[in-house]
Amino acid sequence: MDNKQLAEMLFPNVKLSTQEIEQNFPPRNLPPTAQVVRFAPSPTGFLHIGNFFTAFIDRLTASKSNGVFFFRLEDTDKKREVAGSELVALNMLKAYDILPDEGLMPNLTQIGNYGPYAQSQRTQIYLAYAKKLVANGKAYPCFCEKTDGKKEVIKKREQQLTQDGDIEEQDICRNLSYNQIEQNLKANLPFAIRLKSCGLPDQTIKFYDEIRGERELHVNCKDVILVKNNGTPPYTFAHPIDDHLMGTTLVIRGEDWFPSLPCHLEITKALGFAPPKYAHTPNLCMIGANDNKLKLSKRMGASDMRFFIKQGYPKTAILEYLLNLANSGFELWRKNNPQLCYKEFPFSINKIGKSSPIFDLVKLDDVSKTIISKMNTETAYNNLFEWAKDNDEFMFNKIKENSDFVKKIVNIGREISKPRKDIAKWKDFETVFAFMFHAPTVFEWDTKFKSDIIKNVLLAFLKTFCILDSNEIFFGKLKDICAPLGFSSDMKIFKANSEKFLGNIADIACIIRTAITGKQDSPDLYTIMQILGKIECENRTNFAYNSL
RNA sequence: GGUCUCGUGGUCAAAUGGUUAAGACACCGCCCUUUCACGGCGGAAUUAGGGGUUCGAACCCCCUCGAGAUCACCA
């Protein structure tokens with residue numbers, strides 16, 4: 001018996017040759033500068049911000065190079081699959097307008113000539129290559145009992161550490177004779193296929209990473225699994241085959257893949273493929289809840305993209321914040337080009353930093369506040385509406401009841417040269433403008449005034465209040481009530497002789513503001529009163545008066 | 001434990017051996033101002049530590065320390 005016969009014995013039902021497969025995946029006809037990149041998530045049920053980050057980098061890289069961005073589902077492990085995960089991921093890409101050009105789409109159709117784009121549908125392809133490797137003596141069957149699950153692996157590793165300080169894979173099946181293999185097969189023993197690694201312990205391999213630059217690592221020495229004993233491949237085998245056949249030119253993926261790169265390179269070489277370029281992106285970290293400064297890995301801190309949707313961050317805020325993490329020059333560019341779309345920014349994958357950045361929600365809020373503050377009323381209102389529809393029943397009902405009222409609130413401090421920055425996310429809207437929706441029942445009065453003084457101010461205000469007044473007249477009337485109450489209507493005079501007055505014009509305005517909103521700080525008082533209307537203003541003032 | 005990666009203010013970071021180590025967020029102060037925001041001006045704050053090479057080091061070399069990743073028939 002020889003290896004060719006062995007391959008036939010192991011895979012009698014695999015008739016497809018690798019040559020036939022290659023014919024179905026012709027090289028792409030693209031200009032040499034075009035990058036073909038892919039986003040290849042596994043269906044775990046949610047989309048992590050770090051994965052989203054790499055997908056965004058994929059989208060930018062393909063667009064900038066006039067290349068192709070495709071989506072491939074890595075669903076070879078059916079045990080772990082969460083149904084519908086691909087839709088969660090794809091809908092998120094759609095929501096942020098960074099959909100791929102090719103592959104699986106949100107309507108679950110597949111676009112492109114390099115499919116199928118779900119690995120579970122490509123088993124025959126992987127098996128054909130596995131068969132070829134066995135025939136060439138580069139892989140062999142393994143009948144060992146399998147280790148299954150992370151707990152078992154950790155336990156086994158701990159045992160090995162106490163014994164000899166190093167972890168060695170035992171490849172006892174590597175030297176099985178053809179006879180032994182034949183007997184095992186006759187006994188119907190399940191088998192996996194392992195790579196017959198050519199690596200020696202002290203050999204190194206040089207390669208270039210688009211983000212990390214020139215590197216030298218130890219070669220792979222492990223006889224890794226290529227086909228599991230259930231007949232499906234692990235990622236390690238599927239990735240080189242798919243990215244070769246699909247014409248990927250640049251593999252962009254998280255840095256947690258970095259250590260397995262030598263292994264992937266050896267498999268790629270064994271298969272006879274030219275390796276793609278690689279770019280390993282730093283992992284995004286979140287800061288600990290109890291203010292510790294530990295960087296948390298993605299496995300420790302959940303950071304589901306749906307969080308940002310539920311909070312109501314504008315999609316460009318998320319994208320621009322992430323873009324700034326990727327290329328910090330974006331900030332300056334944005335300052336110099338306030339009107340341009342982020343897509344115009346000269347993104348460069350080589351300028352991505354090497355260390356893992358902490359995702360800073362405070363900074364995100366700042367980016368987001370600026371973006372929201374620049375929206376015109378119509379856009380802001382539409383954004384609020386779309387968000388409330390799915391995420392906030394109270395606000396959605398308010399909009400349905402009286403959309404003009406809500407629109408007027410949205411308009412506060414907007415469409416002016418120095419717009420207010422009150423809102424970082426649409427969820428803030430209700431809290432920032434709570435006083436517009438609920439008349440205050442508690443009042444944060446300025447404690448330096450006794451209640452009878454406050455009452456006098458409110459009475460004087462009510463006597464002259466007219467909703468039809470212009471801002472100038474309204475404020476002029478407030479000035480007029482100053483002197484009789486012992487207040488100063490001129491701030492400069494007050495500052496020079498503060499001991500001669502009970503208070504000043506600012507205090508008068510503050511008392512009325514507190515009566516109307518319950519708080520000492522708010523957006524422009526006149527605007528608020530105009531929106532609330534005559535009756536509401538009078539009712540609120542009377543209620544405040546009676547509560548004293 | 002092995003291997004690998006990364007360490008510049010609280011955070012994101014610029015500065016490829018050559019001015020006083022940019023800028024942004026956050027913080028503090030002042031100005032503007034009927035409050036709060038916005039805006040403007042200013043301030044405090046960083047090359048993890050120790051050696052070496054050099055006229056000169058954040059940058060090159062070595063050691064130490066810290067953090068992270070990885071070491072599955074998961075991806």
Side-chain angles (χ1 to χ4, degrees), chain A residues 40-44 74-77 79-80 142 144-150 152-154 156-158 160-162 164-169 190-194 212 215 217-218 222 224-230 232-236 238-239 253-262 280 282-283 285 287 291 293-297 299 321 324-325 328-329 331-332 334-335 353-367 369 373 413 416-422 432 446 475 478-479 489 491 504-510 512-514 517 519-526:
Chain A
S42 55
T44 55
E74 311 234 313
D75 59 344
T76 53
D77 189 9
K79 289 196 300 277
R80 290 161 170 272
C142 172
C144 295
E145 198 180 328
K146 65 175 188 175
T147 52
D148 197 9
K150 199 174 181 183
E152 196 179 327
V153 174
I154 291 171
K156 190 176 155 193
R157 190 182 301 162
E158 277 169 358
Q160 284 176 328
L161 284 178
T162 54
D164 52 14
D166 202 7
I167 299 166
E168 287 293 334
E169 281 296 315
F191 65 90
I193 301 294
R194 282 186 188 273
R212 282 144 195 280
R215 295 287 150 170
L217 275 184
H218 292 287
K222 279 189 177 174
V224 291
I225 296 286
L226 302 182
V227 181
K228 301 185 253 182
N229 74 2
N230 66 3
T232 63
Y235 173 84
T236 306
H239 143 56
R253 59 185 184 183
E255 67 177 346
D256 39 336
W257 288 111
F258 195 64
S260 56
L261 184 57
H280 289 90
N283 280 333
C285 300
I287 209 144
D291 210 30
K293 286 157 196 161
L294 292 176
K295 287 180 180 176
L296 299 180
S297 83
R299 280 150 218 264
Y321 176 67
N324 195 45
L325 284 186
S328 64
E331 211 162 38
L332 184 64
R334 170 49 79 217
K335 194 180 172 187
K354 294 184 189 73
S355 58
S356 307
I358 291 174
F359 192 96
D360 185 353
L361 283 168
V362 179
K363 175 110 182 180
L364 170 65
D365 278 2
D366 179 69
V367 171
K369 277 179 180 175
S373 76
I416 52 179
S417 66
K418 291 175 183 173
R420 296 184 66 89
K421 292 184 176 178
D422 295 310
V432 168
D446 188 336
F475 191 58
L478 291 191
K479 280 185 173 175
S489 64
M491 288 303 287
N504 58 53
I505 178 67
D507 295 323
I508 298 280
C510 183
I512 296 161
R513 169 173 288 109
T514 308
T517 70
K519 306 180 300 169
Q520 293 185 36
D521 55 75
S522 80
D524 182 63
L525 181 58
Y526 178 79

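What you are looking at is a predicted structure, and each value in this text was computed from that prediction instead of being measured. In the text below, chain A, chain B and the rest are named by the order of the sequence lines, each starting its count at 1.
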Could you state the [atom1]-[atom2] distance from [X] to [N], rounded to the nearest angstrom?
X: A:Lys354; N: B:U5; atom1: NZ; atom2: P; value: 11 Å
X: A:Lys335; N: B:G39; atom1: NZ; atom2: P; value: 11 Å
X: A:Asn230; N: B:C74; atom1: CG; atom2: P; value: 7 Å
X: A:Lys222; N: B:G2; atom1: NZ; atom2: P; value: 15 Å
X: A:Phe258; N: B:C71; atom1: CZ; atom2: P; value: 15 Å
X: A:Leu226; N: B:A75; atom1: CG; atom2: C1'; value: 16 Å
X: A:Ile358; N: B:C25; atom1: CD1; atom2: C1'; value: 14 Å
X: A:Leu364; N: B:C12; atom1: CG; atom2: P; value: 14 Å

With heavy-atom distances below 4.5 Å as the criterion, would you say the side chains of [X] and [Y] are in contact?
X: A:Tyr321; Y: A:Asp360; value: yes
X: A:Arg80; Y: A:Ser42; value: no
X: A:Pro262; Y: A:His218; value: no
X: A:Leu478; Y: A:Ile505; value: yes
X: A:Arg215; Y: A:Leu261; value: no
X: A:Thr76; Y: A:Pro233; value: yes

[N] and [M]: how far apart are their [atom1] atoms, nearest whole angstrom?
N: B:C27; M: B:C36; atom1: P; value: 15 Å
N: B:U5; M: B:C61; atom1: P; value: 12 Å
N: B:C62; M: B:G10; atom1: P; value: 28 Å
N: B:A44; M: B:C30; atom1: C1'; value: 15 Å
N: B:G49; M: B:U54; atom1: P; value: 23 Å
N: B:U47; M: B:A57; atom1: C1'; value: 11 Å
N: B:U46; M: B:A26; atom1: C1'; value: 15 Å
N: B:U70; M: B:G29; atom1: P; value: 44 Å

Just compare [options] and give me whichever is closest to any side-chain atom of [X].
X: A:Arg212; options: B:A14, B:A75, B:U5; value: B:U5
X: A:Asp366; options: B:U5, B:A26, B:U70; value: B:A26
X: A:Glu331; options: B:G23, B:C12, B:C38; value: B:G23
X: A:Lys418; options: B:G39, B:C74, B:A13; value: B:G39
X: A:Trp257; options: B:A75, B:C36, B:U5; value: B:A75
X: A:Arg513; options: B:U11, B:G39, B:U35; value: B:U35

Looking at every strand, decide which applies to [X] at a 4.0 Å heavy-atom threshold: base, sugar-phosphate, or nothing.
X: A:Lys79; value: sugar-phosphate
X: A:Asn229; value: base
X: A:Tyr235; value: base
X: A:Glu74; value: sugar-phosphate
X: A:Ala509; value: base
X: A:Asn504; value: nothing
X: A:Thr514; value: nothing
X: A:Leu217; value: sugar-phosphate
X: A:Ser522; value: base
X: A:Leu332; value: nothing

- Comparing A:Tyr526 and A:Val362 on RNA chain B - which has the more 5′ nearest nucleotide: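 This one resolves to A:Val362.
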
- Task: Could you check A:Ala40 against A:Tyr321 and say which one's nearest nucleotide on RNA chain B is further toward the 5' end?
- Result: A:Tyr321

Does OP1 or OP2 of [N] have a side-chain N or O of [X] closer than 4.0 Å?
X: A:Ser355; N: B:A67; value: no
X: A:His239; N: B:A75; value: no
X: A:Lys228; N: B:A75; value: yes
X: A:Lys479; N: B:U34; value: no
X: A:Lys421; N: B:G39; value: yes
X: A:Arg215; N: B:C6; value: yes

- Message: Ignoring hydrogens, what is the shortest heavy-atom contact between A:Asn283 and A:Glu255? Give both atom names and the distance.
- Response: N-OE2, 3.4 Å

- Message: I need the minimum non-hydrogen distance between A:Ser522 and A:Arg513, along with the two atoms involved.
- Response: OG-NE, 2.9 Å

- Query: Run the side-chain contact (heavy atoms from CB on, under 4.5 Å) check on A:Val367 and A:Asn324 step by step: do they pass?
  - Reply: CA-CA 10 Å; A:Val367 171; A:Asn324 195 45; over 6 Å; no

- Message: Would the base of B:C36 count as contacting A:Arg420 through its side chain, where contact means a donor and an acceptor less than 3.5 Å apart?
- Response: yes

- Can you find a donor-acceptor pair, distance only, under 3.5 Å between A:Lys363 side chain and B:A24 base? yes

- Message: Treating A:Thr517 as the side-chain partner and A:Lys519 as the backbone partner, does any N or O pair qualify as donor plus acceptor under 3.5 Å?
- Response: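 Side chain of A:Thr517 to backbone of A:Lys519: a pair is present.
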
- Mind pulling the stems RNA chain B is in, i.e. runs of at least three Watson-Crick or G-U pairs, everything under 3.5 Å? B:1-7 with B:65-71, B:10-12 with B:23-25, B:27-31 with B:39-43, B:48-52 with B:60-64

- Message: Surrounding NZ of A:Lys479 (heavy atoms of other residues, nucleotides or ligands, distance under 6.0 Å), is the total greater than 12?
- Response: no

- Query: Ring-on-base stacking between A:Phe475 and B:U34, under 5.5 Å between centres and under 30° between planes: is it there?
  - Reply: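 Yes, A:Phe475 stacks on the base of B:U34, since the ring centres sit under 5.5 Å apart and the planes are within 30°.
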
